[in-house]
Amino acid sequence: MKLTGIAASEGVAVGPAFVPASGRPEAERYRITQDEVEPELQRFKKAAEAVAGKLAETGEELRVSGHEEEAGIFEFHVEMAEDPELASAVEERIGNLESPEAAVLAVGEEYAAELAAMDEYMAARADDVRDVAGQISARLMGKGFSGLETLETPSIVLARSLAPSDTARIKEGIALGFVTAEGSRTSHVSIMARSMGIPAVVGVGAALEGALGAEEVALDGSEGYAIVDPGEDTVAQFQKKSAALIEERAVLEEYRHVEASTGEGRRIEVAANLGSASEAEDALEWGAEGVGLFRTEFLFMQRDDLPSEDEQYEAYSAVARAFGEKPVIIRTLDVGGDKDLPGVDQASEQNPFLGWRGIRMSLDTPELFGPQLRAILRAAAHGHLKVMFPMVADVGELEAAKAMLQECLGELESEGKRVGEVEIGVMIETPAAAICAAGLAKESDFFSIGTNDLVQYTLAADRGHERLRRLQNADHPAVLALIQQTCEAANAAGIPVGVCGEAAGEPEMIPKLIRLGVTELSMGAPSIPRAKKVVSEL
Ligand code: PEP
Ligand code: MG
């Protein structure tokens, strides 16, 4: 039996299957009496506090052992366990004589459904809320939750979903891989698998139900499928794949810290795309020669209110310091499209990707844009920062953004604040920007091509639409022509041109991009060694 899903974390594994005993607890449904309301409210409160305490403890352990990103996930879990709105919704149900075990699960489901209807980032948090509610409910029932902590034999874990609290409880080296029915590449099970360096296939759907009795599983996280109870031939095939991967990884190790040049001696800088300051150290270890794209909107999206200028300054300075002399490109807010911003009133749009996003929104909201530019200018005193504007469609927008930057610089200087110099760049991700590249180049210090959006706008194919895979491809003559035009304009103006869309990390695209004149590639950090190897072999 073959399960097909999303290739969430690369690698292959064959091993015994393990299905967590309880998955999610079945709530004990019973009615309580009016007299029991008060004691049950107290019981719920205590269980929520105990779960929050345990989660905070696990988060702290992860932080101390240097796992910042995972620790951040637990912070969110603690917030959920302590959330006053969630608590009062549960209390209301208990007041209506529902059992606390069932009440907390029902409220968790309601919250999760609300999150799932939001953007991709929030939807990925829905499982976290279910997980926390499940833990409180399990505690009320006096049950352990997943049974994963008792696992001793190295195994492939099969589950409907796996929450960070599940994966964190598995002893080191015991999980050989994950297969889940739910999830996307941005769900936490995928993030965790990638950071644990084990293969994962997520989103296999209802087919998983038929595999829960499996004894053995062969898992290919690079291709996105798993074979249940594989025969000898399949196992032999997987062993071959595994040997080839181990060999490839050993070879790639040697490339982590090389400065990649093509056979003709063209130096290509290979940098990392970051979503938060906490990813900086990891990126450096993978061999990042800089940051080609810091997506600042994630800093704004991980919370309900807007980060202050000082908070942004801290985050940008942290990355600048970590990278020292290496260049770090901070992209100003790219909100809109599929990314909403909590704390900002955004009217719903018929075509969000063709709507009020990126620089359009920033120029219209100086109260957001100003503090961000000020934070970048101040952080530039601590390293080699560059600023980049997203979704630019004409020279006028670039001029307006530069004027705003100049204004902020003037303010900071008159306030006597320390600032650093920043180079100014434009993302080339609208066909208009590519076509007007010569004009934009005169006003810019660098270009970075955002192939993810450039492809969707050029081919009129929504980048997230599951039926348009054929068109979600930078290797299309129209897209390549626009990249070429951009590179020619950059070359003529003597400015560097990078690519920070997903195409930059794809081995088959790298030679084409370099041939067209691209001088820098920026990608998810684990792809860096392979990209350097591809460049070196050109
Ligand atoms: C792009 O569009 O290629 C890009 C890198 O930006 P984002 O994926 O954040 O839209
Ligand atoms: Mg983009």
Side-chain angles (χ1 to χ4, degrees), residues 119-121 124 184-186 269-276 279 283 288 290-302 328-341 351-362 372 386-393 397-398 401 425-434 437 440 446-465 468 471-476 478-480 482-483 486-487 497-506 509-510 512-513 516 518 520-525 527-528 531:
D119 56 57
E120 195 188 349
Y121 178 82
S184 69
R185 262 189 76 81
T186 50
E269 201 177 282
V270 184
N273 292 349
L274 302 190
S276 77
E279 293 164 29
V291 175
L293 170 65
F294 183 98
R295 289 181 163 103
T296 58
E297 55 276 7
F298 290 109
L299 191 66
F300 285 70
M301 277 186 230
Q302 282 158 357
V328 172
I329 299 176
I330 309 272
R331 178 176 74 181
T332 61
L333 266 182
D334 183 22
V335 171
D338 58 347
K339 298 178 264 192
D340 284 337
L341 187 58
N351 291 300
F353 274 116
L354 303 180
W356 197 54
R357 65 172 292 206
I359 195 68
R360 306 166 183 185
M361 186 219 182
S362 290
Q372 178 166 45
K386 305 183 183 190
V387 63
M388 176 161 78
F389 303 117
M391 281 297 291
V392 169
E397 287 172 338
L398 173 59
V426 172
M427 266 195 96
I428 304 292
E429 54 182 346
T430 65
L440 288 167
F446 65 93
F447 280 163
S448 185
I449 303 174
T451 46
N452 306 340
D453 278 315
L454 187 60
V455 169
Q456 82 161 343
Y457 294 129
T458 306
L459 303 180
D462 187 328
R463 62 193 264 187
H465 199 303
L468 301 179
L471 293 170
Q472 289 150 350
N473 182 6
D475 194 8
H476 183 288
V479 178
L480 296 176
L482 290 176
I483 295 175
T486 304
C487 290
V497 54
V499 173
C500 61
E502 291 307 302
E506 291 168 6
M509 279 306 294
I510 291 171
K512 296 185 187 189
L513 295 172
L516 292 173
V518 166
E520 182 232 36
L521 300 166
S522 191
M523 61 202 68
S527 302
I528 289 174

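Numbering of ligands and ligand atoms starts at 1, following listing order.
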S.K.: Quick one: report the N, O or S atom of Glu429 that is nearest to the Mg ion (ligand 2).
M.R.: OE1
S.K.: Look only at the side chain of Thr332 and the backbone of Phe389, and say whether a donor-acceptor pair between them is shorter than 3.5 Å.
M.R.: no
S.K.: Starting from atom 6 (O) of ligand 1, locate the nearest protein heavy atom and write down its residue, its atom name and how far away it is, to 0.1 Å.
M.R.: Arg331 NH1, 3.0 Å
S.K.: Tell me, which N, O or S atom in Asp453 is closest to the Mg ion (ligand 2)?
M.R.: OD2
S.K.: Stepwise, does the salt bridge (charged side-chain N to carboxylate O under 4.0 Å, His left out) test hold for Asp334 with Arg357?
M.R.: CA-CA 6 Å; Asp334 183 22; Arg357 65 172 292 206; 3.0 Å; yes
S.K.: Under 4.0 Å, counting heavy atoms only: does Glu502 come that close to any atom of ligand 1?
M.R.: no
S.K.: Out of the candidates Ile428, Leu513, Ile449, only one should pair with Val497 under the side-chain contact (heavy atoms from CB on, under 4.5 Å) rule; please name it.
M.R.: Ile449
S.K.: When rounded to the nearest 0.5 angstrom, what distance separates CD1 in Ile483 from NZ in Lys512?
M.R.: 10.5 Å
S.K.: Quick one: which ligand 1 atoms are inside 4.0 Å of a heavy atom on Arg295?
M.R.: 4 (C), 5 (C), 6 (O), 7 (P), 8 (O), 9 (O)
S.K.: Side chain, backbone, both or neither: which part of Leu293 comes within less than 4.0 Å of ligand 1 when only heavy atoms are counted?
M.R.: side chain
S.K.: For Met427, counting its heavy atoms only, list the atoms of ligand 1 lying under 4.0 Å from any of them.
M.R.: 4 (C), 5 (C), 6 (O)
S.K.: With heavy atoms only and a cut-off of under 4.0 Å, state how Met391 meets ligand 1: side chain, backbone, both or neither.
M.R.: neither
S.K.: Donor-acceptor check, side chain of Glu279 to backbone of Gly275, threshold 3.5 angstrom: yes or no?
M.R.: yes
S.K.: How far is atom 5 (C) of ligand 1 from its nearest protein heavy atom, and which residue and atom is that?
M.R.: Cys500 O, 3.4 Å
S.K.: For ligand 1, which atoms, with element, lie under 4.0 Å from some heavy atom of Gly450?
M.R.: 1 (C), 2 (O), 3 (O)
S.K.: Return yes if some donor-acceptor pair links the side-chain N/O of Glu429 with the main-chain N/O of Met391 below 3.5 Å, else return no.
M.R.: yes
S.K.: Does a donor on one side chain and an acceptor on the other come within less than 3.5 Å for Thr451 and Glu502?
M.R.: no
S.K.: Just distances here: any N/O of Glu429 and N/O of ligand 1 closer than 3.5 Å?
M.R.: yes
S.K.: From Phe294 CZ over to Ile329 CD1, what is the distance, rounded to the nearest 0.5 angstrom?
M.R.: 13.0 Å
